[in-house]
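A quick write-up on the structure given underneath.
We name chains A, B, ... by the order of the sequence lines, and we start the count at 1 in each one.
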There are 2 protein chains.
Amino acid sequence: MLRMSDLLERLRERGWRLTAQRRVVAEVLDGDHVHLTADEVHARAAERLPEISRATVYNTLRELVHRGEVLEVSTDGRAKRYDPNAHRPHHHLLCARCGSIRDVHPTGDPLANLPAAQSFGFTVLEAEVTYRGICPDCAA
Amino acid sequence: MLRMSDLLERLRERGWRLTAQRRVVAEVLDGDHVHLTADEVHARAAERLPEISRATVYNTLRELVHRGEVLEVSTDGRAKRYDPNAHRPHHHLLCARCGSIRDVHPTGDPLANLPAAQSFGFTVLEAEVTYRGICPDCAA
DNA sequence: ATAGATGCAAATGTTTTGCACAGCA
DNA sequence: TGCTGTGCAAAACATTTGCATCTAT
């Protein structure tokens, strides 16, 4: 059963101009626990569409992030990773050794832990928790 | 009353080779709510010691981070910022517009919110919360 | 037809590195 | 004096941008 990814379907509905390049980027990003760097996205996209350029991948990722369809995950100095699981809120578990990432769903709302008195006049919009540790592969 | 910064004092005790360059880097980083980029550290250090090189600043910062004396704070794509307040645990409030940072001390232990069942085999070492919002300056 | 996406290559910004020299312990 | 830090410049990455060309709508 051929099914267009949820991502593509949603984008098409919102009048996103669909091109071959954008299609493969969206396809490459489909799935759970997918956290690729821009360069990895480009490499995988190029397997199916050899002429796709890095610039287009970067542009497309930037736009997907802007539209709230993909999450940009900072990884302590390493290249950013892109997470298609943007529709359900979650946090990240980052391997301090190899940089690999897993999605996690902690209990409780971290925002609730910041007393207003500590906001320094900021309008606080969101809280993101990064758990750091050593992944099973690196521990072995 | 002339007082050597706590940072310098601690480093000297641990046999850190003290040079003019390292001294100004440590001095520039002294204080609360200090979150400078490597380049800002270099600029301020160069005011007092014009011949200091960027490489030395980067090397020094890297070593301070390694020794646990300075915290490296990721800032969503912008240049990393360095936080001398590493001896007391805290989290960060980041302005999504201008990238400025404040230290905050939320209530509760975020680590406690990650059930073991969600650790994916990781040995989880720490949890860091990044609050994102708009700072008073940017809101004005 | 046309607004907008693409590819290429060059520019940008950040951080690291190689190597000869200099300076702290 | 000897190890180690420093400066310089170049390299290494990650990402963005300008511009001519192409294409989905």
Side-chain angles (χ1 to χ4, degrees), chain A residues 4 8-9 11-28 35-46 48-67 69-82 98-99 101, chain B residues 4 8 11-28 35-67 69-82 98-99 101:
Chain A
M4 179 177 264
L8 278 178
E9 205 153 333
L11 289 167
R12 211 184 32 175
E13 278 169 16
R14 303 191 188 174
W16 204 49
R17 192 158 180 169
L18 195 46
T19 66
Q21 290 83 343
R22 287 173 169 196
R23 190 190 313 277
V24 291
V25 168
E27 283 171 359
V28 158
H35 304 95
L36 302 170
T37 64
D39 214 53
E40 286 166 349
V41 171
H42 174 254
R44 300 201 184 186
R48 305 198 207 171
L49 191 65
E51 65 274 27
I52 192 173
S53 74
R54 244 175 275 272
T56 295
V57 171
Y58 275 105
N59 287 337
T60 304
L61 289 173
R62 178 152 32 87
E63 227 196 294
L64 290 174
V65 170
H66 230 114
R67 290 180 175 244
E69 294 296 344
V70 163
L71 238 49
E72 194 176 71
V73 187
S74 296
T75 60
D76 299 343
R78 278 178 252 259
K80 283 177 244 164
R81 293 181 174 272
Y82 294 88
C98 70
I101 294 181
Chain B
M4 179 177 264
L8 278 177
L11 289 168
R12 210 184 34 175
E13 278 168 16
R14 302 192 189 173
W16 205 50
R17 191 157 180 173
L18 195 45
T19 68
Q21 291 81 345
R22 289 173 167 196
R23 189 191 312 275
V24 291
V25 168
E27 284 171 357
V28 158
H35 304 95
L36 301 170
T37 64
D39 214 53
E40 286 166 350
V41 171
H42 175 253
R44 299 202 184 185
E47 286 172 13
R48 306 197 207 173
L49 191 64
E51 66 274 27
I52 192 172
S53 74
R54 246 173 274 271
T56 294
V57 170
Y58 275 104
N59 287 338
T60 304
L61 289 173
R62 178 153 32 88
E63 227 195 294
L64 290 174
V65 170
H66 232 113
R67 289 179 174 245
E69 294 295 344
V70 164
L71 239 48
E72 196 176 69
V73 187
S74 296
T75 59
D76 299 342
R78 276 178 254 260
K80 283 176 244 166
R81 292 181 174 273
Y82 294 88
C98 71
I101 294 181

Practice item. Give the rounded distance in Å between these two atoms: CZ of B:Arg23 and C1' of C:dG23. Key: 14 Å

Study note, to complete from the structure: With five pairs defining each end axis, the helix from C:dA1-D:dT25 to C:dA25-D:dT1 comes out bent, to 10°, by 40°

Revision key, fill the gap. From CD of B:Glu40 across to C1' of C:dT14 the rounded distance in Å is 13 Å

Check your understanding: Atom CZ of A:Arg14 to atom C1' of D:dT25: distance rounded to whole Å?
Key -> 20 Å

Exercise for review: Please name the pair of heavy atoms, one in A:Leu64 and one in A:Trp16, separated by the smallest distance, quoted to 0.1 Å.
Suggested key: CD2-CH2, 4.0 Å

Check your understanding: Is the shortest side-chain N to carboxylate O distance from A:Glu27 to A:Arg44 below 4.0 Å?
Key -> no

**Study point:** Test: B:Glu72 and B:Arg62 ion pair at under 4.0 Å
**Key:** no

Check your understanding: Below 4.0 angstrom from OP1 or OP2 of D:dG7, is there any side-chain N or O of B:Gln21?
Key -> yes

Practice item. Decide yes or no, distance alone: a donor-acceptor N/O pair under 3.5 angstrom between the base of C:dA5 and the side-chain of A:Arg17. Key: no

Point to revise | Shortest non-hydrogen contact from A:Val70 toward A:Tyr82 | key: CG1-CB, 3.8 Å

Exercise for review: Look at the side-chain N and O atoms of B:Thr19 and state whether any lies under 4.0 Å from the OP1 or OP2 oxygen of C:dC24.
Suggested key: no

Check your understanding: Rounded to the nearest 0.5 Å, how far does CG of B:Leu61 lie from CZ of B:Arg81?
Key -> 12.5 Å

Practice item. Using whole Å, report how far NE2 of B:His66 lies from P of C:dT16. Key: 12 Å

Review point. How many Å lie between CD on A:Glu51 and C1' on C:dA5, as a whole number?
Key: 14 Å

Exercise for review: Could you tell me whether a side-chain N or O of A:His42 sits under 3.5 Å from a main-chain N or O of A:Ile52, the two making a donor and an acceptor?
Suggested key: yes

Review point. Between D:dT6 and B:Arg22, is there an OP1 or OP2 to side-chain N/O distance shorter than 4.0 Å?
Key: yes

**Study point:** Which atom of B:Ile101 lies closest to which atom of B:His35, heavy atoms considered
**Key:** O-ND1, 3.3 Å

Point to revise | Of the listed nucleotides C:dA25, C:dC8, D:dG7, the one nearest the side chain of A:Ser53 | key: C:dC8

Point to revise | B:Leu8: which of B:Arg23, B:Glu13, B:Arg22 passes side-chain contact (heavy atoms from CB on, under 4.5 Å) | key: B:Arg23

Revision key, fill the gap. To the nearest angstrom, the CG-C1' distance between B:Leu49 and D:dT6 comes to 11 Å

Exercise for review: Quick one: closest heavy-atom pair of B:Ala38 and B:Val57, and the distance?
Suggested key: O-CG1, 3.7 Å

Review point. Any ion pair linking A:Glu69 and A:Arg14 (charged N to carboxylate O, less than 4.0 Å)?
Key: yes

Practice item. Can you tell me the distance, in whole Å, between the CD1 atom of B:Ile52 and the C1' atom of D:dG5? Key: 11 Å

Practice item. Would you give a per-nucleotide map of nucleotides 12-19 of chain D, 5' to 3', where B means the base has a protein non-hydrogen atom under 4.0 Å away, S means only the sugar-phosphate does, and - means neither? Key: --SBBB--

Check your understanding: So, does B:Thr56 use its side chain to make a donor-acceptor pair with the main chain of B:Thr60 at under 3.5 Å?
Key -> no

Review point. Looking at A:Ala45 and A:Val28, what are the two nearest heavy atoms and their distance?
Key: N-CG2, 3.9 Å

Practice item. Take the protein atom NE2 of A:His42 and the nucleotide atom C1' of C:dT6, then report the distance between them rounded to whole Å. Key: 12 Å

Every protein N/O within reach of nucleotides 19-22 of chain C N/O, cut-off under 3.5 Å:
none

